[in-house]
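Before any comments, here is the structure.
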There are 2 protein chains.
Amino acid sequence: MASEIKENSTNTFNLRVLAASCEVNEILEVIAKRWKMQILFSISKDVNQFSLLKKAFPAISDQVLGKRLGELLTEGLIDKTIVENTCPFQVVYSATEKGQALLVIIHELHLWGKKKWDTIS
Amino acid sequence: MASEIKENSTNTFNLRVLAASCEVNEILEVIAKRWKMQILFSISKDVNQFSLLKKAFPAISDQVLGKRLGELLTEGLIDKTIVENTCPFQVVYSATEKGQALLVIIHELHLWGKKKWDTIS
DNA sequence: CCGCATCCCTTTGGATACTG
DNA sequence: CAGTATCCAAAGGGATGCGG
């Protein structure tokens with residue numbers, strides 16, 4: 001098992017070592033993916049459809065947006081709802097309780113950044 | 001200016017757009033570098049020398065450790081002190097107030113992870 | 001309208017070797 | 001002991017184009 005990981009990549013191996021020694025890094029790797037928290041935040045503010053998100057972030061590409069939405073879904077940070085009786089069909093996302101709890105901490109991070117980076121230094 | 005950025009890399013351009021639109025991402029890019037928060041945390045727990053950190057994280061390479069220490073220094077999250085009267089000379093790091101404030105939030109992140117990932121799912 | 005597959009480029013981290 | 005320089009491999013994101 002260990003040798004199998006090693007064969008794949010030392011990088012991957014280090015990730016496992018790290019994950020085992022400290023769960024924080026797992027969380028950081030989850031939330032730090034680019035655009036991810038912006039997307040989560042936007043969804044919580046009712047920018048909750050693929051096309052709306054595309055308009056909100058013109059610089060993000062489709063497949064990254066799709067990938068992030070998929071990650072957020074599998075991590076249980078957002079829910080996906082398909083609106084019936086629409087053609088072409090419509091998809092609406094919403095932040096879960098878990099996702100909203102995360103946003104609270106993200107907001108604290110933002111405050112930390114504002115406080116420590118702008119005023120003091 | 002914008003065209004100059006564009007020429008360099010669309011990726012870089014997007015980073016600028018993102019940075020302008022939301023400071024949170026800047027912070028995430030700062031704290032999410034691999035090993036970084038572990039290093040900061042370890043330093044706050046008096047694992048505060050290059051060699052000690054190497055022992056604490058056998059899987060990390062020298063130059064990444066050095067790079068992270070440099071980043072933490074320039075960001076004002078840690079301080080560097082050279083111990084006099086030692087040969088070979090010795091370097092001791094310590095977490096700044098700013099760094100410790102960050103660790104508080106990182107700890108909340110950890111708690112969020114434990115609470116939301118383990119018990120519910 | 002909502003995405004995914006493919007290809008390519010940029011970024012990042014690791015290995016080895018070297019300096020003060 | 002405390003790093004730095006160079007080179008290289010892996011991962012992540014973007015552009016284009018296609019499918020449901």
Side-chain angles (χ1 to χ4, degrees), chain A residues 5-18 25 28-36 38-39 43 47-74 78 80-93, chain B residues 5-18 25 28-36 38-39 43 47-74 78 80-93:
Chain A
I5 296 172
K6 183 79 176 190
E7 280 168 15
N8 282 339
S9 152
T10 309
N11 192 16
T12 304
F13 176 71
N14 282 339
L15 278 177
R16 310 268 170 119
V17 171
L18 180 55
N25 224 72
L28 287 174
E29 298 218 351
V30 165
I31 70 173
K33 294 289 179 71
R34 202 186 296 177
W35 312 102
K36 202 162 179 179
Q38 272 75 15
I39 293 171
I43 289 174
V47 183
N48 55 7
Q49 298 180 37
F50 201 92
S51 53
L52 292 176
L53 288 165
K54 280 186 64 170
K55 267 185 287 187
F57 302 102
I60 191 174
S61 60
D62 286 14
Q63 75 283 30
V64 170
L65 178 53
K67 193 188 288 182
R68 292 291 169 267
L69 287 171
E71 291 168 1
L72 288 167
L73 277 170
T74 58
I78 60 174
K80 178 178 184 173
T81 309
I82 299 181
V83 181
E84 306 286 350
N85 309 324
T86 55
C87 182
F89 69 93
Q90 213 174 2
V91 175
V92 172
Y93 296 97
Chain B
I5 296 172
K6 183 79 177 191
E7 280 167 17
N8 283 338
S9 151
T10 308
N11 194 16
T12 304
F13 176 71
N14 282 340
L15 279 176
R16 309 267 171 120
V17 171
L18 182 55
N25 224 73
L28 288 174
E29 298 216 355
V30 166
I31 69 172
K33 293 289 179 70
R34 203 188 295 177
W35 311 102
K36 201 161 179 180
Q38 274 75 15
I39 293 171
I43 289 174
V47 182
N48 54 6
Q49 297 178 39
F50 201 93
S51 55
L52 292 177
L53 288 165
K54 279 186 64 169
K55 267 185 285 186
F57 303 101
I60 191 173
S61 61
D62 286 13
Q63 75 281 30
V64 170
L65 178 54
K67 193 188 289 183
R68 293 288 169 271
L69 288 171
E71 292 167 0
L72 288 166
L73 277 170
T74 58
I78 61 175
K80 178 177 185 172
T81 310
I82 298 181
V83 180
E84 307 287 350
N85 310 324
T86 54
C87 183
F89 69 92
Q90 214 174 1
V91 174
V92 172
Y93 297 96

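Note that this is a predicted model, so its numbers are computed, not measured. Quick note on labels: first sequence line is chain A, next is B, and so on, each numbered from 1. Below, each value reflects all heavy atoms present in this structure, side chains not excepted, and no hydrogens, waters or symmetry copies.
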Within the 4.0 Å heavy-atom criterion, would you say Lys54(B) contacts the bases, only the backbone, or no part of the nucleic acid? nothing
Q) What is the nucleic acid contact for Gln63(B), judged by heavy atoms within less than 4.0 Å: base, sugar-phosphate only, or nothing? A) base
Distance check needed: [N] [atom2] versus [X] [atom1], whole Å only.
| X | N | atom1 | atom2 | value |
| --- | --- | --- | --- | --- |
| Leu65(B) | dA2(D) | CG | C1' | 10 Å |
| Arg34(A) | dT12(C) | CZ | P | 8 Å |
| Asp62(A) | dA5(C) | CG | P | 14 Å |
| Ile60(A) | dG14(D) | CD1 | C1' | 11 Å |
| Phe57(B) | dG13(C) | CZ | C1' | 16 Å |
| Asn25(B) | dG12(D) | CG | C1' | 14 Å |
| Ile43(B) | dA2(D) | CD1 | C1' | 14 Å |
| Tyr93(A) | dG3(C) | OH | C1' | 8 Å |

Indicate yes or no: at least one non-hydrogen side-chain atom of [X] is less than 4.5 angstrom from one of [Y].
| X | Y | value |
| --- | --- | --- |
| Leu69(B) | Ile43(B) | yes |
| Ile39(B) | Ile60(B) | yes |
| Leu65(A) | Phe50(A) | yes |

The side chain of [X] lies closest to which of these nucleotides: [options]?
| X | options | result |
| --- | --- | --- |
| Lys33(B) | dT12(C), dG14(C), dG3(C) | dT12(C) |
| Lys67(A) | dG13(D), dG14(C), dA2(D) | dG13(D) |
| Ser51(B) | dG13(D), dG14(C), dC1(D) | dC1(D) |
| Phe50(A) | dG13(D), dG3(C), dG3(D) | dG3(C) |
| Arg68(A) | dG12(D), dC2(C), dG14(D) | dG12(D) |

* **Arg34(B) (side chain) donor-acceptor with Glu29(A) (main chain) under 3.5 angstrom** => no
Could you tell me whether the side chain of Lys36(A) and the main chain of Leu72(A) form a donor-acceptor pair under 3.5 Å?
no
DNA chain D nearest-nucleotide lookup for Gln90(B) and Ser61(A): closer to the 5′ end is Gln90(B)
Notebook entry, point to check: Hey, does the side chain of Lys55(B) come within less than 4.0 Å of dC1(D)'s phosphate (OP1/OP2), counting only N and O?
Noted result: no
ask   = Within less than 4.0 Å of OP1 or OP2 of dG14(D), is there a side-chain N or O belonging to Trp35(A)?
value = yes
